[in-house]
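Note sheet for the following structure.
What you are looking at is a predicted structure, and each value in this text was computed from that prediction instead of being measured. Each chain gets a letter, A, B and so on, in the order the sequences are listed, and its residues count up from 1.
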Amino acid sequence: MAYKQDDKKVTPRSQDFAAWYNDIILRAELADYSPVRGCIVFRPDGFAVWEALRDELDRRIKETGARNAYFPLFIPQSFLQKEAQHVQGFAPEVAVVTHGGGKELEEPLIVRPTSETIINHMFAQWIHSHRDLPLMLNQWCNVVRWEMRTRLFLRTAEFLWQEGHTAHATREEAERETLTMLETYRGFIEEFLAVPLIYGRKSAAERFPGAEETYTVEGLMGDGRALQCGTSHFLGQNFAKAFEIRFLDEQNQMQFAWQTSWGVSTRLLGALVMVHGDDQGLRLPPAVASTQVVIVPIWRKPEEREKVLHAAANVFQALKTAGVRVRVDEREGVTPGFKFNDWEMRGVPLRIEIGPRDVAAGEVVAARRDLAGPTAKSKLVSSTVAERVPALLNEIQKNLLTQARDAMLANTRQFDSYDALRAQMEGEGGGGFADIYWCGKAECETKIREETRATCRAIPLDQKVEVGACIVCGEPAPERALFAKAY
RNA sequence: CGGGGCGUGGCGCAGCCUGGUAGCGCACACGCUUGGGGUGCGUGUGGUCGCCGGUUCAAAUCCGGCCGCCCCGACCA
């Protein structure tokens, strides 16, 4: 209590990033802790963001040709054993159901940590011919991973996600699908969430258990740490062999299918908070904001109240007709100043203030959440609001991405000396993306991780072909890689 | 599992050392006031002090045991 002088404000971001992050989520009422350790409760404002994001991504996924389906929460424990790498990767964090109906089960069930096994079990029964391919399914569901350490949105014991699973006749087609989905995620996250990303291949150490290749999109958070925002895996024939997904090709030859899987989760909400939030609270990109515009009426005397509310209602109607998600804050008993702060905390992109002076002048005041200081406010002629506001919302969406991209680029550095890399990672705000030559050997990667706590986030695609010296061992390195401390 | 810390109205805490039957801020309810950046005042609701046992005339306070949570580390697509 001693140092929290003013509990109207959240912990400043610069003072304690982790505390700031929790404060924002709780105060903006996105989510709350649950009685079960590590689990999260999504409150309506947080769930609305998830719904908006889900609806848009669902649309984009379907455009690629995948269809939605739903597979069971429970999976026979033996299924997990079938793929060696997979079981090794997930066994420690799986929740197991041993009893049902008051009796001990013959075979324990696991609660899905991901659905590769049960989906592939079904794929084996549905795929017989090359004419059954490609088979491209997606499901929106919850999964459970018994994490030792949890954080709101970023790592919770139960989380929501989508997982896509596809089977193809050829290696090339499956590889193409893996990259198509990576690009789908990249476009979606940048355009819709206004979160800029780097993307590329994962190192062997960071690869999905059972995958031949894992691709990732990674964002850089406000504290300089990286966050994996989505992954797309080329599974090769590993699961096809384990689950016997076989088909007859055009030459009547028996072949194993080539597969992919890909997913994004409610972790994206954490990215949204950490990339855009400030000391005033959340800043939501208009595309995901369930309320894009809030109108705050201001008055003193009863006769003013009537005029102001009337003007507010007109603006509300005009915006609603223009397709803007808008609401009027008619609460009485709280001051306009309180409402300003309240809606800023909740991240509403644009606030419109209407007071007696504005009504008299035929104007309104528009306050942008993406800007700070005097430039954030401007006057709009009332009659033009319906056309000006959608344009403003577009500008806010773009500007949030620009701000975030500038921050990411400013915090991405090339290093050619190991000491310089280590110095960068050690500092107080130590972090950001380190763009370095890495020979690809696990021992060099391990040395970096153990000494700097930075891990390989991605090996960018489409690199210029050039050879440098590995930052650790000095041996020839065919590629650059991006390392960072990660969540 | 190792190291550290904490359990007192919904939240944040004081009280514990030096036992005497619980208090402050916020939030909440009502009223008046205020209203262009978190208005002010008043009244009020709400707590078997984590649990069990012991000492004592008397335990939030002292003693013993247990449980839970948080932070750091190990771990983690």
Side-chain angles (χ1 to χ4, degrees), chain A residues 1-11 16 18-19 22-23 26-27 32-33 35-38 85-86 88-94 113-114 116 143 145-151 154-157 159 161 163 201-211 213-218 227-233 235 261-265 267 280-281 296-302 304-305 308 329 331-345 351-361 363-365 367 372-374 376-377 379 449-450 453 455-458 486-487:
Chain A
M1 182 174 108
Y3 83 105
K4 207 161 187 177
Q5 334 80 332
D6 185 358
D7 53 30
K8 285 170 181 168
K9 288 190 159 49
V10 299
T11 307
D16 183 342
N22 286 331
D23 282 355
L26 299 173
R27 294 280 297 278
D32 208 344
Y33 292 103
V36 180
R37 195 191 85 87
Q85 291 301 314
H86 197 64
Q88 204 185 338
F90 282 107
E93 54 187 75
V94 151
T114 178
E116 265 76 10
V143 289
R145 298 177 188 183
W146 218 263
E147 302 287 356
M148 307 184 86
R149 197 169 159 150
T150 58
R151 303 197 63 180
L154 303 178
R155 181 170 291 109
T156 49
F159 58 93
W161 76 344
E163 50 177 325
R201 249 165 51 231
K202 280 291 190 193
S203 68
E206 301 281 330
R207 203 175 282 154
F208 175 76
E213 199 75 86
T214 287
Y215 296 89
T216 179
V217 286
E218 305 258 336
L227 181 71
Q228 178 173 297
C229 289
T231 47
S232 183
H233 314 292
L235 302 176
S261 69
W262 25 270
V264 302
S265 73
R267 175 182 263 195
Q280 298 305 310
V296 177
I298 298 157
W299 70 83
R300 291 168 199 271
K301 307 170 200 135
E304 288 175 343
R305 176 177 185 274
V308 163
D329 186 350
R331 281 178 293 177
E332 308 215 4
V334 287
T335 61
F338 180 89
K339 292 177 180 178
F340 295 171
N341 286 283
D342 190 35
W343 292 109
E344 282 169 9
M345 177 60 64
R351 177 179 72 243
I352 289 182
E353 309 168 8
I354 305 179
R357 296 202 299 267
D358 305 306
V359 175
E363 295 173 338
V364 302
V365 172
K377 287 198 185 190
K379 294 198 181 215
R449 176 167 58 80
E450 286 177 354
R453 304 190 67 189
T455 52
C456 179
R457 305 320 304 159
Y487 276 99

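Contacts of A/Pro113 with the nucleic acid, taken as non-hydrogen atoms under 4.0 Å apart, include base atoms. Using a 4.0 Å heavy-atom cutoff across all strands shown, A/Arg457 reaches no nucleic acid atom at all. Within 4.0 Å (heavy atoms only), A/Gly89 reaches no atom of the nucleic acid at all. When heavy atoms are screened at a 4.0 angstrom cut-off, A/Glu353 is found touching base atoms of the nucleic acid. A/Trp262 comes within 4.0 angstrom of no nucleic acid atom, judged by non-hydrogen atoms across all strands. Using a 4.0 Å heavy-atom distance criterion, A/Pro92 is classed as making no nucleic acid contact. A/Val334 comes within 4.0 angstrom of a base, heavy atoms only.
The minimum heavy-atom distance between A/Ser265 and A/Phe159, with the atom names listed, is CB-CD1, 3.7 Å.
Pairing for B/rU55 is absent, judged as Watson-Crick or G-U wobble with the two contacts each under 3.5 Å. Across every strand in view, B/rG37 sits unpaired, with no contact that passes the Watson-Crick or G-U test at under 3.5 angstrom. For B/rG10, the paired nucleotide is B/rC26, the pair qualifying as Watson-Crick or G-U wobble because both relevant distances are below 3.5 Å. Here B/rC1 sits opposite B/rG73 as a Watson-Crick or G-U wobble pair (both hydrogen-bonding atom distances under 3.5 Å). Base pairing of B/rC17 is not made with any nucleotide, judged by Watson-Crick or G-U wobble geometry with both donor-acceptor distances under 3.5 Å.
The shortest distance between the side-chain N/O atoms of A/Arg453 and the OP1/OP2 oxygens of B/rC76 is not below 4.0 Å. Phosphate contact (OP1/OP2 of B/rG36, side-chain N/O of A/Arg357, threshold under 4.0 Å): absent.
Side-chain proximity of A/Phe338 to the nucleotides B/rU39, B/rG37, B/rG35 is greatest for B/rU39. Distances from the side chain of A/Pro356 to the nucleotides B/rC76, B/rG36, B/rG38 place B/rG36 closest. When each of B/rG35, B/rC76, B/rG37 is scored by its nearest atom to the side-chain atoms of A/Arg155, the top-ranked nucleotide is B/rC76. For A/Thr335, counting side-chain heavy atoms from C-beta on, the closest listed nucleotide (B/rG35, B/rG73, B/rC76) is B/rG35.
Atom P of nucleotide B/rA27 and atom CG of A/Asp32 are separated by 18 Å, given to the nearest angstrom. Going from atom CD1 of A/Ile298 over to atom P of B/rU39 covers 13 Å, rounded to whole Å. At whole-Å resolution of the value, CG in A/Asp23 and C1' in B/rC11 are 12 Å apart. The nearest whole Å value for the distance from the CZ atom in A/Arg27 to the P atom in B/rG38 is 15 Å. Atom P of nucleotide B/rG38 and atom CG of A/Asp329 are separated by 15 Å, given to the nearest angstrom. Between the CG atom of A/Leu227 and the C1' atom of B/rC76 there is a distance of 13 Å, rounded to whole Å. Distance A/Glu332 CD to B/rU39 P: 15 Å, rounded to the nearest Å. When rounded to the nearest whole Å, the span between NZ of A/Lys301 and P of B/rU34 equals 12 Å.
Taking atom P in both B/rG44 and B/rU18, the straight-line distance is 37 Å, to the nearest Å. Spacing of C1' atoms, B/rA59 relative to B/rG54, comes out at 11 Å, to the nearest Å. Distance noted for atom P between B/rA60 and B/rG20: 9 Å (whole Å). Taking atom C1' on both nucleotides, B/rC51 is separated from B/rC67 by 7 Å, rounded to a whole Å. Taking atom C1' in both B/rC75 and B/rC1, one finds a spacing of 11 Å when rounded to whole Å. As rounded to the nearest Å, B/rU39 and B/rG35 have P atoms that lie 11 Å from one another. Using P as the reference atom, B/rG64 and B/rC70 are 26 Å apart when rounded to the nearest Å. Taking the P atoms as reference points, B/rU33 lies 39 Å from B/rA14, given to the whole Å.
Nearer to the 5' terminus of RNA chain B, by closest-nucleotide assignment, is the contact made by A/Glu344 (compared with the other of A/Glu344 and A/Thr114). Taking for each of A/Trp299 and A/Arg449 the nucleotide of RNA chain B with the nearest heavy atom, the 5'-most of the two is the partner of A/Trp299.
Judged by distance alone, with hydrogens and angles left aside, A/Lys377 brings a side-chain donor or acceptor within reach of the base of B/rG37, the pair sitting under 3.5 Å. Counting distance only, with no hydrogens placed and no angle test, the side-chain atoms of A/Arg331 and the base atoms of B/rG35 include no donor-acceptor pair under 3.5 Å. With hydrogens and angles left out, the side chain of A/Asp358 and the base of B/rG36 share a donor-acceptor pair within 3.5 Å.
Remark: A/Arg155 fails to qualify as a cation-pi partner of A/Tyr487 under the 6.0 Å distance and 45° angle criteria applied to the six-membered ring.
Salt-bridge formation is not detected for the pair A/Arg357/A/Glu363: no Lys NZ or Arg NE/NH1/NH2 atom is positioned less than 4.0 Å from an Asp or Glu carboxylate oxygen.
Judged by distance alone, with hydrogens and angles left aside, the side-chain atoms of A/Glu304 form a donor-acceptor pair with the main-chain N or O of A/Arg300 at under 3.5 Å. Remark: the backbone N or O of A/Asp329 is paired with a side-chain donor or acceptor of A/Lys339 at under 3.5 angstrom.
Within 6.0 Å of atom CH2 in A/Trp146, 12 or fewer heavy atoms from other residues, nucleotides or ligands are found, so the atom counts as exposed in its surroundings.
Two residues are said to be in side-chain contact when any heavy atoms from C-beta on lie closer than 4.5 Å; A/Gln228 and A/Thr214 fail this criterion.
Remark: A/His233 NE2 to A/Phe208 CZ distance equals 5.0 Å, nearest 0.5 Å.
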